[in-house]
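Start at 1 and go down the list; that is how both ligands and their atoms are numbered.
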Amino acid sequence: MAPEILRFPEGTRTAEQAAAAVGCELGQIVKSLVFLCDGQPVLALTSGANRVDTKRLGELLCGKITRADADGVREATGYAIGGTPPFGHERPLRAVVDPALVSYDSVWAAAGTPDTVFELTPDELVRASGAEVADFVAR
Ligand code: 5CA
């Protein structure tokens, strides 16, 4: 991969801000959300248009799901909330990817800071994160 990282001074901290900055659909933004499954960090790569159903995520991963707090996200990934990238973490995390992201030609993800993003294909997202494509979003 040769990602081109774009910086937006106005900020890309939230999916809404990122979509407005790059001019894409909200659904094309990759939210890299950290949860704890029986205390172990897991990564839910979720479309900007969707919300995680923690009950479904727990059924998928066979554990009790809680949300990581800001310190937990930093500890698990090495990055802060709002800039957490989908891969390239301190140590590899078990990852699942929202099938909604796979329906786009390209998607956009945080590049490590709350003002940077990069474009990639869903296939690159799945391969680089080692994620399993599985449905865990609220219906
Ligand atoms: N840069 C953007 C788009 S790529 C981004 O990182 N979006 S995000 O959705 O992946 O990261 C922001 C998310 O962090 C929010 O959707 C929210 O779910 C989560 N979040 C925000 N504040 C907290 C908090 N205090 N504790 C836990 N999670 C939080």
Side-chain angles (χ1 to χ4, degrees):
M1 283 180 69
E4 186 190 353
I5 295 172
L6 302 187
R7 185 180 299 274
F8 293 92
E10 67 268 37
T12 55
R13 184 176 294 280
T14 66
E16 287 79 6
Q17 286 172 0
V22 303
C24 71
E25 282 180 36
L26 182 58
Q28 281 176 275
I29 300 298
V30 181
K31 296 192 287 190
S32 300
L33 303 175
V34 180
F35 291 86
L36 301 174
C37 180
D38 291 339
Q40 293 301 311
V42 296
L43 187 65
L45 301 172
T46 310
S47 164
N50 288 335
R51 293 183 59 84
V52 173
D53 181 333
T54 52
K55 188 163 175 289
R56 292 187 79 194
L57 186 63
E59 284 163 7
L60 181 63
L61 300 176
C62 305
K64 180 174 160 40
I65 298 291
T66 54
R67 180 133 215 179
D69 64 12
D71 287 343
V73 172
R74 171 84 70 179
E75 196 180 320
T77 69
Y79 294 92
I81 284 173
T84 308
F87 45 80
H89 302 137
E90 209 87 322
R91 47 201 155 88
L93 294 180
R94 181 170 181 195
V96 287
V97 61
D98 178 355
L101 286 168
V102 178
S103 66
Y104 292 102
D105 289 339
S106 77
V107 295
W108 291 82
T113 67
D115 62 352
T116 57
V117 288
F118 67 105
E119 188 176 22
L120 71 174
T121 67
D123 185 56
E124 288 172 325
L125 177 67
V126 169
R127 282 189 292 126
S129 63
E132 176 190 352
V133 181
D135 196 0
F136 52 82
V137 303
R139 289 189 259 241

Side chain or backbone of V30 under 4.0 Å from ligand 1, or both, or neither, by non-hydrogen atoms? backbone
Which is it for T113 and D115 under the side-chain hydrogen bond (donor to acceptor under 3.5 Å, both in side chains) test, yes or no, and what are the steps along the way? CA-CA 5 Å; T113 67; D115 62 352; 2.7 Å; yes
So which heavy atom in the protein is nearest atom 10 (O) of ligand 1, and how far is it from that ligand atom? S32 N, 3.1 Å
I'd like to check which ligand 1 atoms, numbered from 1 as shown, lie under 4.0 Å from a non-hydrogen atom of R67. 17 (C), 18 (O), 19 (C), 28 (N)
Between A68 and ligand 1, which part of the residue brings a heavy atom under 4.0 Å of the ligand: side chain, backbone, both or neither? backbone
Give a yes or no on this: more than 12 heavy atoms of other residues, nucleotides or ligands lie within 6.0 Å of atom CD of E75. no
Counting only heavy atoms, which portion of R13 has something under 4.0 Å from ligand 1: side chain, backbone, both, or neither? backbone
Expected output: side-chain Q28 to main-chain S106 donor-acceptor under 3.5 Å: yes
Compare all side-chain heavy atoms of L45 with those of V96 and state whether any distance is below 4.5 angstrom. no
For E4, is the CD atom crowded, meaning more than 12 foreign heavy atoms sit under 6.0 Å from it? no
Atoms in ligand 1 with a heavy atom of I29 nearer than 4.0 Å: 3 (C), 4 (S)
Working for side-chain contact (heavy atoms from CB on, under 4.5 Å), residues R51 and V137: CA-CA 6 Å; R51 293 183 59 84; V137 303; over 6 Å; no
Under 4.0 Å, heavy-atom basis, I'd like to know which part of A110 is in contact with ligand 1: side chain, backbone, both or neither. both
Looking only at protein heavy atoms, identify the closest one to atom 15 (C) of ligand 1 and say how far it is in Å. L33 CD2, 4.4 Å
Provide, to 0.1 Å, the distance between atom 26 (N) of ligand 1 and the closest protein heavy atom, together with that atom's residue and name. I81 CD1, 3.7 Å
Write out the residue and atom name of the closest protein heavy atom to atom 1 (N) of ligand 1, then the distance separating them to 0.1 Å. T12 O, 2.5 Å
For Y79 and E90, does a side-chain donor sit closer than 3.5 Å to a side-chain acceptor? no
Check this for me: D105, atom CG, are more than 12 non-hydrogen atoms of other residues, nucleotides or ligands nearer than 6.0 Å? no
Among non-hydrogen protein atoms, atom 11 (O) of ligand 1 lies closest to G82 N, 3.9 Å
